[in-house]
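See structure below.
Since the model is a prediction, treat every value here as computed from it, not as a measurement.
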Amino acid sequence: MSKANQHDKLAVRLGMILTGLFSGKRLHVDELANEHNVTTRTIQRDINQRLLYLPIDSKNGWYSLDKTFLQDIYKGRCR
């Protein structure tokens, strides 16, 4: 796989994760890994390293954005 193709897959994966999180969804690491044909470790790395700047809550493999953060965004009070 070419480097450009790898970067495209990463961008699409991160975009879809961000879309889900900002839609208020709870995302499970196993479902994301299956959907994007990657390992659960890759999804964990995406969330824990690449999306580190976001207040993401995690519990038992489920990820979601902090509810207060989401409320602030939708009320126009971004941090």
Side-chain angles (χ1 to χ4, degrees):
M1 182 180 312
S2 74
K3 202 70 150 159
N5 194 18
Q6 288 176 339
H7 290 268
D8 290 345
K9 285 181 69 172
L10 172 61
V12 168
R13 188 171 68 243
L14 290 176
M16 292 185 76
I17 291 170
L18 286 168
T19 299
L21 290 171
F22 277 92
S23 296
K25 294 180 182 175
R26 290 179 62 224
L27 307 174
H28 196 272
V29 66
D30 292 332
E31 293 172 6
L32 291 169
N34 287 333
E35 181 179 343
H36 296 286
N37 198 30
V38 295
T39 65
T40 56
R41 181 67 191 116
T42 296
I43 298 299
Q44 290 168 337
R45 185 180 308 111
D46 288 344
I47 292 170
N48 296 326
Q49 293 177 4
R50 295 181 172 116
L51 302 178
L52 177 66
Y53 60 94
L54 291 172
I56 297 175
D57 294 328
S58 65
K59 185 174 183 179
N60 299 326
W62 289 97
Y63 295 97
S64 61
L65 273 179
D66 176 77
K67 290 180 184 182
T68 304
F69 178 77
L70 273 178
Q71 290 170 352
D72 287 349
I73 285 175
Y74 290 118
K75 291 179 181 177
R77 296 183 298 222
C78 296
R79 295 179 188 178

Do [X] and [Y] have side-chain heavy atoms sitting under 4.5 Å apart?
{"X": "Thr42", "Y": "Thr39", "value": "yes"}
{"X": "Thr19", "Y": "Lys25", "value": "no"}
{"X": "Phe22", "Y": "Ile73", "value": "yes"}
{"X": "Leu10", "Y": "Asp46", "value": "yes"}

Please lay out, stage by stage, how Ile56 and Asp66 fare under the test side chain to side chain contact (heavy atoms under 4.5 Å, CB included). CA-CA 6 Å; Ile56 297 175; Asp66 176 77; over 6 Å; no
What are the two closest heavy atoms between Leu51 and Leu21, and how far apart are they?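 Residues Leu51 and Leu21, closest heavy atoms: CD1-CD1, 4.5 Å.
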Closest approach of Ile43 and Ile17, non-hydrogen atoms and distance?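 Answer, listing the atom of Ile43 first, then Ile17: CD1-CD1, 4.4 Å.
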N/O donor-acceptor pair under 3.5 Å between His28 side chain and Asp30 backbone: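 Yes; at least one donor-acceptor contact below 3.5 Å.
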Is there a chain of hydrophobic side chains (I, L, V, M, F, W, Y, each step under 4.5 Å between heavy atoms) that links [X] to [Y]?
{"X": "Val38", "Y": "Val12", "value": "no"}
{"X": "Tyr74", "Y": "Leu65", "value": "yes"}
{"X": "Leu27", "Y": "Leu54", "value": "yes"}
{"X": "Met16", "Y": "Val29", "value": "no"}
{"X": "Trp62", "Y": "Phe69", "value": "no"}

Calculate, to the nearest 0.5 Å, the distance between atoms CD and CZ belonging to Glu35 and Arg13 respectively.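 These two atoms lie 11.0 Å from each other.
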Can you tell me how far CZ of Arg50 sits from CD of Gln44, rounded to the nearest 0.5 angstrom? 12.5 Å
Around atom CG of Asn5, are there more than 12 heavy atoms of other residues, nucleotides or ligands at under 6.0 Å? yes
